[in-house]
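In what follows, a structure is listed as structure tokens, so that the remarks can point back to it.
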Amino acid sequence: MPAPLPTASSSAAPGPCPDAGACRFVHGPIDGAAILAAVAAPAAGGNVLFLGTTRGVTADVTTRSLDYEAHEKVAVVMLDGLRAEALARFGLCGCAIVHRLGRVVVGEASIAIAASAPHRREAFAATEWLLEQVKAAVPIWKCEEDGEGRRTWVHPGDLRGIGARG
Amino acid sequence: MPAPLPTASSSAAPGPCPDAGACRFVHGPIDGAAILAAVAAPAAGGNVLFLGTTRGVTADVTTRSLDYEAHEKVAVVMLDGLRAEALARFGLCGCAIVHRLGRVVVGEASIAIAASAPHRREAFAATEWLLEQVKAAVPIWKCEEDGEGRRTWVHPGDLRGIGARG
Amino acid sequence: MSSVPTTADRLPPSAAGSPLAVIFFAGMAEIVGARRLELPWEGGTVADLRRELEAGRPALGPLLARSAVCVAGRYAADNVTIAVGAEVALIPPVSGG
Amino acid sequence: MSSVPTTADRLPPSAAGSPLAVIFFAGMAEIVGARRLELPWEGGTVADLRRELEAGRPALGPLLARSAVCVAGRYAADNVTIAVGAEVALIPPVSGG
């Protein structure tokens with residue numbers, strides 16, 4: 001049998017259970033303020049929100065929009081697992097990950113990650129860690145559309161070694 | 001003559017000029033979403049918002065509220081200087097620092113720091129750096145009110161060595 | 001009421017030739033020209049599936065070599081056996097965030 | 001119309017005895033019992049001001065020893081001369097954020 005997802009916490013995490021909807025995909029604009037508000041807690045002193053937005057220019061290449069798709073069913077399970085792992089590992093009060101799918105024009109957000117913790121360092125560390133995990137392994141892809149309307153799927157790096165052995 | 005503030009960028013920073021109002025004090029609730037929106041830029045891919053909120057319990061001590069005061073005139077100049085330094089040092093697209101004064105009850109935000117940059121790492125690093133600078137040297141103080149209504153001004157550490165020599 | 005036996009009823013679930021549904025995403029779906037394929041499947045491992053796919057569509061090779069295979073919701077190494085009826089997805093290098 | 005000369009008009013700005021306004025915040029204002037004091041000032045350095053304050057209010061000593069002195073908007077070391085008319089603020093260890 002395949003082993004659990006390498007990035008997901010396997011079963012009984014010591015932290016709180018993932019809340020339904022804390023990790024999800026949306027097909028329209030992301031409401032960052034609502035996501036940050038959802039992780040607020042009386043025990044929290046540090047609250048961090050990251051928004052990843054479509055950048056109009058990289059080096060000398062113009063981007064018009066990004067178009068995201070995901071293996072949603074698998075990705076949501078992975079996001080929930082990452083959230084549970086972050087809650088336990090960083091001692092978070094709250095955590096949420098929202099990714100937008102479809103077309104995201106310049107300046108709009110494709111991802112929001114929010115984390116709250118008793119102290120600032122854990123909130124920052126968890127948010128950065130979650131973002132790196134999402135970028136490394138969660139099945140989401142972007143297609144870049146440049147200024148001339150040319151579309152290119154972005155497949156950097158190598159996932160070949162990621163699977164657990166049978 | 002006294003030297004420039006140790007944490008302020010002395011004169012001609014290579015980055016953009018500080019925008020009026022990007023660093024300011026407020027006397028009511030902080031609107032984090034508006035502050036994050038104010039640093040949005042087409043060149044930004046990473047946007048980070050930190051909110052520092054009043055924590056209700058630390059170890060076994062209950063906090064009812066925090067009450068902040070500042071040497072406003074000097075503090076605003078220092079915050080503008082820190083912002084200018086962060087813009088240049090981290091290559092930011094935008095940056096804002098807002099601190100609330102007066103009573104801040106549990107769960108409400110006393111500080112918001114927002115930074116946007118072409119890439120995520122600079123946005124995170126700048127936000128964390130700014131927060132550490134503010135906590136280390138900007139003339140703002142909090143008075144803790146505990147569950148029994150006792151008020152205590154918080155004066156940690158030592159600022160004696162911070163001044164520049166004549 | 002009793003129903004008329006179908007072909008599926010008469011074949012055991014591990015029967016040779018049960019098709020394997022494989023789904024594709026992003027640039028890989030573009031190369032394949034489809035989001036879903038049903039392959040004839042005699043049973044085998046992830047490595048067998050990789051060979052099968054590349055034999056039928058050589059253009060997939062370079063991207064396939066950098067892709068993961070997701071079996072029943074989990075990334076699986078080459079020696080993992082693919083059970084009959086498992087959901088299989090090809091996962092090219094990801095770029096979310 | 002010409003105004004009647006005041007004491008300030010007649011005294012040169014560096015005259016001995018010009019009061020020095022010093023402002024206090026937070027726990028320091030609590031100890032001093034005031035947010036602002038005018039001290040008689042013969043001229044001198046930040047170190048002189050520290051001695052003057054501690055001599056007049058010994059209870060300030062422990063916190064003063066950990067505090068900065070802000071002169072004309074800048075944190076100043078002990079050897080900095082305080083110009084007549086300068087804005088001076090005592091800055092106890094900060095706790096914003």
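Order of the sequence lines fixes the chain letters, A, B, ..., with proteins taken first and strands second; residue numbering starts at 1 for each chain.
Chain A forms more heavy-atom pairs under 4.5 Å with one residue of B:Glu108, B:Arg121, B:His119 than with any other, namely B:His119. When each of A:Gly45, A:Pro42, A:Gly107, A:Ser116 is checked for heavy-atom pairs under 4.5 Å with chain B, A:Gly45 comes out on top.
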Taking distance alone, no hydrogens or angles, what donor-acceptor pairs closer than 3.5 Å link side-chain atoms of residues 20-36 of chain A to residues at least two apart or in another chain?
residue: A:Arg24; atom: NH1; partner: A:Gly21; partner atom: O; Å: 2.8
residue: A:Asp31; atom: OD1; partner: A:Ala33; partner atom: N; Å: 3.3
residue: A:Asp31; atom: OD1; partner: A:Ala34; partner atom: N; Å: 3.1

Atom pairs and distances, donor-acceptor, side-chain atoms in residues 47-56 of chain A, under 3.5 Å, two or more places apart:
residue: A:Asn47; atom: ND2; partner: B:Leu51; partner atom: O; Å: 2.9
residue: A:Asn47; atom: ND2; partner: B:Thr53; partner atom: OG1; Å: 2.8
residue: A:Thr53; atom: OG1; partner: B:Ala44; partner atom: O; Å: 2.9
residue: A:Thr53; atom: OG1; partner: B:Asn47; partner atom: ND2; Å: 2.8
residue: A:Thr54; atom: OG1; partner: A:Val104; partner atom: O; Å: 3.0
residue: A:Arg55; atom: NE; partner: A:Thr58; partner atom: OG1; Å: 3.0
residue: A:Arg55; atom: NH1; partner: B:Pro118; partner atom: O; Å: 2.5
residue: A:Arg55; atom: NH2; partner: A:Thr58; partner atom: OG1; Å: 3.1

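Using a 4.5 Å cut-off on side-chain heavy atoms (C-beta onward), A:Arg120 and B:Lys135 make contact.
Atom CD of A:Glu128 and atom CD of B:Glu128 lie 6.0 Å apart (nearest 0.5 Å).
The contact between B:Thr127 and chain A is made by backbone and side chain atoms together, counting heavy-atom distances below 4.5 Å. Heavy atoms closer than 4.5 Å to chain A are found in the side chain of B:Leu131, but not in its backbone. For B:Ala40, no part sits under 4.5 Å from any heavy atom of chain A, backbone or side chain.
Inspection of non-hydrogen atoms places no residue of residues 139-150 of chain A under 4.5 Å from chain B.
Considering only residues two or more places apart in sequence or on other chains, B:Ser110 meets the side chain to side chain donor-acceptor pair (under 3.5 Å) condition with B:Tyr68.
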